[in-house]
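Worth saying up front: this structure is predicted, and the values here are computed from it rather than measured. Quick note on labels: first sequence line is chain A, next is B, and so on, each numbered from 1. The basis for the numbers below is simple: all heavy atoms, side chains too, and nothing from hydrogens, waters or symmetry mates.
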Amino acid sequence: MPEILEVEAARRVIEARALGRKVVEVVAPDAWYLKRGLVAPELEAVLPGRAFTAARRRGKLLLVDTTKRGPVLGLHLGMSGRVVVDGEAAGDPLIYASNRDVEAWHRFGVRFADGGALWLRDPRRLGAVELDPDEERLGPDAFDLTRQELVGLTTRSRAPIKALLMDQSRIAGLGNLLTDEALWRAGVDPARPALALNAEEVGTLYRSIRQTLRTLGRRGGSHMGDMPRAIDAPCPRDGTPLVRRTVGGRTTFSCPLHQR
DNA sequence: GATGACCTGTGA
DNA sequence: TCACAGGTCATC
């Protein structure tokens, strides 16, 4: 997705612009987009007449609370989803995805009594809408991750460190780009087994994750890393041509010299 | 834990 | 026509 930074941008847009407005209509034309048994009539039964009271987030999962003890609306952005409120999209345009505003890509939305609307626009249809999502399937949010939690995770897993960082049940929010950038900054090979990292390396990685979230958040999104995502591009740190591999099932760029 | 599936748009 | 895409899920 949209990784944690983009989802946070979406959360802020909902918080700033969509709270306290009465919902009068649900538009859910894509049954496939509704998950965990949810069907459009159920949304139409519970959302109109209510308003959103808070926009929360855990990892990449958006959680929107509703009035009158209503359900929690869960929104996933998938690989290409964006939240649009009254025509304003959250965050920077996505790379690797179309940002055109095509009506057919509006997979879910609500119209407000004042005439505005909130849309989830998603060309690839890999996002999702659900009610009362199970937040416990997700690990601690990446922004709240403690150093001790990361130490605990790494000592218990033989998975490549990159796969561990992207496992949403262990840490919620890190995706392909943020993970590559954090590992590049930490000087850690994405394919190293997690439990092979020593205490010092885990400490360095922890600081890199925090720094990556802070810095890329300030710059505008997950795509604003310092490491180029291109084969043979020179590593900005030491000039070595970067390599591309598949690690944890995802395209992975890294510096073969300083990431060990 | 690695792999492929899901879906669709874009650019080479 | 093909490879590839910031995610997640089921399956071997």
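Taking atom CG of residue A:L77 and atom C1' of nucleotide B:dC7, one finds them 16 Å apart after rounding to whole Å. We find that CG of A:N176 is positioned 8 Å from P of C:dA5, with the value rounded to whole Å. Atom P of nucleotide B:dC7 and atom CZ of A:F108 are separated by 21 Å, given to the nearest angstrom. For A:I161 and B:dA2, the CD1 to C1' distance is 17 Å, given to the nearest whole Å. Going from atom CZ of A:R229 over to atom P of C:dA5 covers 8 Å, rounded to whole Å. In this structure, A:L164 places its CG atom 11 Å from P of B:dA2, rounding to the nearest Å. Protein atom CZ of A:R250 is 13 Å distant from nucleotide atom C1' of C:dC9, rounded to whole Å. At whole-Å resolution of the value, CG in A:D167 and P in C:dC9 are 11 Å apart.
Between A:R125 and the phosphate of B:dT8, there is a side-chain N or O to OP1/OP2 separation shorter than 4.0 Å. Contact annotation: A:K35 does not reach the phosphate of C:dT8 (side-chain N/O to OP1 or OP2, under 4.0 Å). Regarding contacts with the backbone of C:dC4, a side-chain N or O of A:R244 is found under 4.0 angstrom from either OP1 or OP2. For B:dG9, one of the phosphate oxygens OP1 or OP2 lies less than 4.0 angstrom from a side-chain nitrogen or oxygen of A:W105. For A:T251 and C:dA5, the shortest distance from a side-chain N or O to OP1 or OP2 is below 4.0 Å.
Each of A:R137 and A:L5 was assigned the nucleotide of DNA chain C with the nearest heavy atom; the assignment lying further toward the 5' end belongs to A:L5.
For A:R36, counting side-chain heavy atoms from C-beta on, the closest listed nucleotide (C:dA5, B:dG1, C:dC9) is C:dC9. Side-chain atoms of A:R170 lie closest to B:dG1 of the nucleotides B:dC7, C:dT8, B:dG1. Checking B:dA2, B:dG9, B:dC6 against the side-chain heavy atoms of A:P123 singles out B:dG9 as nearest.
Evaluated for a side-chain contact (heavy atoms from CB on, under 4.5 Å) with A:M166, the options A:V247, A:I171, A:T179 yield exactly one hit, A:T179.
A salt bridge between A:D180 and A:R244 is absent, with no side-chain N of the basic residue lying under 4.0 Å from a carboxylate O of the acidic one. Salt-bridge check for A:R58 with A:E136: passed, with a basic side-chain N closer than 4.0 Å to an acidic carboxylate O. A salt bridge is absent between A:R82 and A:D122: the closest approach of a Lys/Arg side-chain nitrogen to an acidic carboxylate oxygen does not fall below 4.0 angstrom. Salt-bridge formation is detected for the pair A:R36/A:E130: a Lys NZ or Arg NE/NH1/NH2 atom is positioned less than 4.0 Å from an Asp or Glu carboxylate oxygen.
In this entry B:dG11 has C:dC2 as its Watson-Crick or G-U wobble partner, both defining distances falling under 3.5 Å.
When the P atom is used for both B:dC7 and C:dT11, the distance is 15 Å, rounded to whole Å.
Across all strands, A:R121 comes closer than 4.0 Å to no nucleic acid atom at all (heavy-atom distances). Across all strands shown, A:R158 has heavy atoms under 4.0 Å from sugar-phosphate atoms exclusively, and none from any base.
Applying the 6.0 Å contact sphere to CZ of A:R137 captures more than 12 heavy atoms from other residues, nucleotides or ligands.
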